[in-house]
Colleague: 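The structure under discussion is supplied below as structure tokens; questions concerning it will follow.
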Amino acid sequence: MNFKCITNLESYLASEHNVDRDLVEIVPELCPRDQGMDLTVNCYRLTKFFNLNPVELAKKVTNYLVLDTDIEAVECVKAFVNMTLTADSLYRDTIAKERTILDNGIIPPEEQKKILIEYSAPNTNKPQHLGHIRNNVLGNALCSLFSRIGHNVAAVNLINDRGVHICKSMIAYQRFGENQSPLDVNKKGDHFVGEFYIKFESEFRKQLESIRNEDSTLNEKSNQELFLYTEIGRAAQELLVAWEQGDEAVMSLWKLMNGWVLNGFDQTYQRMGITFDQIYYESDTYNLGKKIVLEELENKLFNLTEDGAVEIDLTDIGLDRKVVLRKDGTTVYITQDIGTTFQKYADHNPDQMLWIVGDEQIYHFKVLFAILRKMQLACSNELTHIPYGMVNLPGGRMKSREGTVVDADNLFDEMAELARAATLDRCGSSIPENIDERAETIGMGAVKFMLLKVNAKTTMTFDPEASIKFEGDTGPYVQYAYARIASILRKFENQHGDEANAAIDWKKLSSKEEKFVALQCARYGDILKKSAYDCDPAYLTNYLLELTKDFNRFYKNNSVLSAKNTCLKITRLELCKRVQLILKDGLSVLGIETLKAM
RNA sequence: GCCCCGGUAGCUCAGUUGGAUAGAGCAACAGCCUUCUAAGCUGUGGGUCACAGGUUCGAAUCCUGUCCGGGGUACCA
């Protein structure tokens, strides 16, 4: 926000108190609605700049502001100074300049950085579910957000395409797949392969039960521990060894199945509107990780344990010892992350690297970053894990065994279907031409918005019942406001187009609803920066809701097209355009599309 | 055991980094479509901010302890 009266106040207080002008920053708040004024200066907060008690300061501020010609009224309550701006200055400093509203969200060039963001990172053994959607939507929004405020962003994906979990679906396919392809059974590749992963699990469980029946002492051991006691478990392990040795038949099956899965992922990403600047494959980078670890073993950064594993001792910085190569020489999860990070740095030369990964891996990233710092990776002080919380169902965690996993593609289909039904409900007999596009845009908007309005860090509950309603704090609520504005603009063109060149006069906007909308618009730039600073699109998402609420109140009480004179009509139209501009820009940062009609 | 994160209205969540009388949506109830799209608007009810101490002009927010929930603590990912 950029109010002349506040800037003047800053200069005045700085010179009065002999404080460096540049250090003084007064961020006004929107005055609480029930106080009936426009802006509030909270003088409790100003005491950090000036050595004066808050109430005294408030009096001083009040006495100063009362003389400012931009101010219509001032009121001092305790240490809060509330003010009403003249209509002239209010609109001049908020929405008169269209460009300023958007440009306020851009940081100065010296703060702009090259940021590398890794997100999504799926396993190629099953289709993506609601948890992955949260990651994808969040990652995509953060990339747009950083880019929007002026950073140079590269988005990368890391495909987790190797390891024993991949071999599980391969084994099951070998045994039960009958050489079929996804095309043969008309299935999406990731779903096709996922069924074999489930098939493995059920077969594994069957064998477990049978060996436990034969030997009751095994009941004390966990499923994990008994993995190699089962025939199919051993087979998966053997397949992994064959894979690592580059066995031709195994590699060819692996490539075939991964191809199916990645093809399925592509469709899902496309539907979500997600693209990456580069895709890394763990099968490529794990060897680099191993190579780096062995070099650092030479350099004595890592050491050998008694039984021949390679580890690093991080107890000096309050972490544990961490094995980075197993005693059999194979790599662990963190090994490939080391390799991938060096590769990413070499490819992109970023100032900062971010990882959007679930909060259960907070410790993993602490260890990873500690290792990379010890290895003196160039930007190792600018590595950040952005953790996000799990998505639970009302009954608890999603469990594949109990069939409660919310599949991404199915969810998208269902939401689009509901959006279609709701749309058709509204338009009676005249079915819109673009009904498919509408259903998709509204359905995806609802899913994305639902996930983004909750703080990234919060473990959230996905309520299927609530998600199917497009009312209240939802994506479609915001999209609807956009469509309403589009409709007004259309009607204006058709009915009053000849008035388009009439003069705008902001001070004609005299209702409180109009003022609130303008004040809300003025916050947009700060909101973008704050949201990026917090690494959390939720802040922006909730702002868009607030703006939309204010717009809807305006819409209800102040007709644009039936305004009592042309000047008022044109000016209100301009106000609508500002709102539309912000809604479009803000939603697009969140990866949500808009519609001209709903 | 140890470490991290959380506990705010019946439910799902905000709470601008310590500031005004703790807010929204849903659900419940009551209103508003001859006026720009009712996916909307207006109103009512609903709170010991888990609990107990402490810090200060002031605490949902910071500190300590207790209880409850989640996650981590792998030569899994």
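The chains referred to below are lettered A, B, ... by the order of the sequence lines, with proteins before strands, and numbering in each begins at 1.
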Colleague: Students often get this wrong, so: under 4.0 angstrom with heavy atoms, is A/Tyr44 touching a base, only sugar-phosphate, or nothing?
Modeller: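 Base, at least one base heavy atom under 4.0 Å.
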Colleague: Just to be sure I understand the geometry, which residues of residues 324-337 of chain A put a non-hydrogen atom under 4.0 Å away from RNA chain B?
Modeller: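 Only A/Arg326, A/Lys327, A/Val332, A/Tyr333 qualify.
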Colleague: Reading nucleotides 29-39 of chain B 5' to 3', which nucleotides get B (base under 4.0 Å from a protein heavy atom), which S (sugar-phosphate only), which -?
Modeller: -------BBSB
Colleague: Mind checking if A/Asn160 touches a base, just sugar-phosphate, or nothing, with heavy atoms under 4.0 Å?
Modeller: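 Sugar-phosphate: the residue A/Asn160, judged by heavy atoms under 4.0 Å, touches backbone atoms but no base.
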Colleague: Using the ring of each side chain (for Trp, its six-membered ring), is A/Phe492 parallel, tilted or perpendicular to A/His496, with breaks at 30° and 60°?
Modeller: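 Parallel.
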Colleague: Checking only heavy atoms, does the side chain of A/Asp307 share a donor-acceptor pair with the base of B/C75 at less than 3.5 Å?
Modeller: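 Checked by distance alone, the answer is yes.
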Colleague: For residues 45-59 of chain A, which residues have at least one heavy atom under 4.0 Å from RNA chain B?
Modeller: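 The answer is A/Arg45.
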Colleague: Which part of the nucleic acid does A/Gln479 contact within heavy-atom distance under 4.0 Å: base, sugar-phosphate only, or nothing?
Modeller: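 Since no nucleic acid heavy atom lies under 4.0 Å of A/Gln479, the category is nothing.
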Colleague: Check for me: is A/Phe80 stacked on B/A20 by the 5.5 Å centroid and 30° plane-angle rule?
Modeller: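 Ring-base stacking flag set for A/Phe80 and B/A20.
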Colleague: Taking only the side-chain heavy atoms of A/Arg397 (C-beta and beyond), determine which of B/G71, B/A74, B/C13 contains the nearest atom.
Modeller: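 Given the options B/G71, B/A74, B/C13, the side chain of A/Arg397 is closest to B/G71.
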Colleague: What's A/Glu29 touching, base or sugar-phosphate or nothing? Going by heavy atoms closer than 4.0 Å.
Modeller: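 A/Glu29: no heavy atom of the nucleic acid under 4.0 Å.
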Colleague: Do the side chain of A/Lys584 and the main chain of A/Tyr482 share a donor and acceptor less than 3.5 angstrom apart?
Modeller: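 Side chain of A/Lys584 to backbone of A/Tyr482, a donor-acceptor pair under 3.5 Å: no, none is there.
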Colleague: So, does A/Asn157 use its side chain to make a donor-acceptor pair with the main chain of A/Ser120 at under 3.5 Å?
Modeller: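 No, the answer is negative, given that no donor and acceptor are paired below the 3.5 Å cut-off.
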Colleague: Would you mind reading off the distance between A/Leu547 atom CG and B/U16 atom P, rounded to a whole angstrom?
Modeller: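 So the two atoms are 20 Å apart, to the nearest Å.
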Colleague: Students often get this wrong, so: under 4.0 angstrom with heavy atoms, is A/Lys457 touching a base, only sugar-phosphate, or nothing?
Modeller: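 The answer is nothing, as A/Lys457 stays clear of every strand by at least 4.0 Å.
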Colleague: Would you classify A/Asn82 as touching base, sugar-phosphate or nothing, given that sugar-phosphate means primed atoms plus P, OP1 and OP2, and contacts are heavy atoms under 4.0 Å?
Modeller: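 It contacts base atoms.
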Colleague: Could you give the distance separating B/A14 and B/U37 at their C1' atoms, to the nearest angstrom?
Modeller: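 So the two C1' atoms sit 29 Å from each other.
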Colleague: What nucleotide among B/C41, B/A77, B/G71 has an atom nearest to a side-chain atom of A/Glu360?
Modeller: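 For A/Glu360, the side-chain atoms sit closest to B/G71.
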Colleague: Base of B/C41 relative to its sugar, syn (within 90° of 0) or anti?
Modeller: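 What B/C41 shows is an anti base, its glycosidic angle lying more than 90° from 0.
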Colleague: Look at all strands and tell whether A/Ala466 reaches a base, only sugar-phosphate, or nothing, counting heavy atoms closer than 4.0 Å.
Modeller: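 Nothing, no nucleic acid heavy atom in range.
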Colleague: What contact category does A/Asn552 fall into here, base, sugar-phosphate, or nothing, at under 4.0 angstrom with non-hydrogen atoms?
Modeller: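 Answer is sugar-phosphate: A/Asn552 comes under 4.0 Å of backbone atoms only.
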Colleague: Taking the same atom, P, in B/G15 and in B/A20, what whole-Å distance lies between them?
Modeller: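 Straight-line distance between the two P atoms is 15 Å.
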Colleague: Would you please confirm or rule out a distance under 4.0 Å between OP1 or OP2 of B/G70 and any side-chain N or O of A/Thr458?
Modeller: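 The answer is no; no side-chain N or O of A/Thr458 sits under 4.0 Å from OP1 or OP2.
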Colleague: A/Phe200: what forms a ring pair (Phe, Tyr, Trp, His ring centres under 6.0 Å) with it, not counting sequence neighbours?
Modeller: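 Per chain and number, A/Phe200 pairs via ring pair (Phe, Tyr, Trp, His ring centres under 6.0 Å) with no residue.
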Colleague: Let me have the donor-acceptor pairs involving side chains of residues 50-57 of chain A, under 3.5 Å, with sequence neighbours excluded, atom names and distances please.
Modeller:
unit_1	atom_1	unit_2	atom_2	d
A/Asn53	OD1	A/Val55	N	2.9
A/Asn53	OD1	A/Glu56	N	3.1

Colleague: Which listed nucleotide (B/U73, B/G25, B/A14) is nearest to the side chain of A/Asp473?
Modeller: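 That would be B/G25.
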Colleague: So, does A/Gln35 use its side chain to make a donor-acceptor pair with the main chain of A/Pro32 at under 3.5 Å?
Modeller: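 No.
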Colleague: Fill in the dot-bracket string of RNA chain B, one character per base: . for unpaired, | for a pair to another strand, ( ) or [ ] for pairs within the strand, taking Watson-Crick or G-U pairs under 3.5 Å.
Modeller: (((((((..((((.....[...)))).(((((.......))))).....(((((..]....))))))))))))....
Colleague: Please work out if A/Lys549 contacts a base, only the sugar-phosphate, or nothing of the nucleic acid, heavy-atom cut-off 4.0 Å.
Modeller: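 Since only primed, P, OP1 and OP2 atoms lie under 4.0 Å of A/Lys549, the category is sugar-phosphate.
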Colleague: Nearest to the A/Ala309 side chain among B/C75, B/A77, B/A27, which nucleotide is it?
Modeller: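 Selected nucleotide (nearest to the side chain): B/C75.
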Colleague: Within the 4.0 Å heavy-atom criterion, would you say A/Thr474 contacts the bases, only the backbone, or no part of the nucleic acid?
Modeller: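 The residue A/Thr474 makes no contact with any strand.
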Colleague: Please verify the inter-ring angle class for A/Trp355 with A/Phe365; under 30° counts as parallel, over 60° as perpendicular, anything in between as tilted.
Modeller: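 The arrangement is tilted - the two ring planes meet at 30° to 60°.
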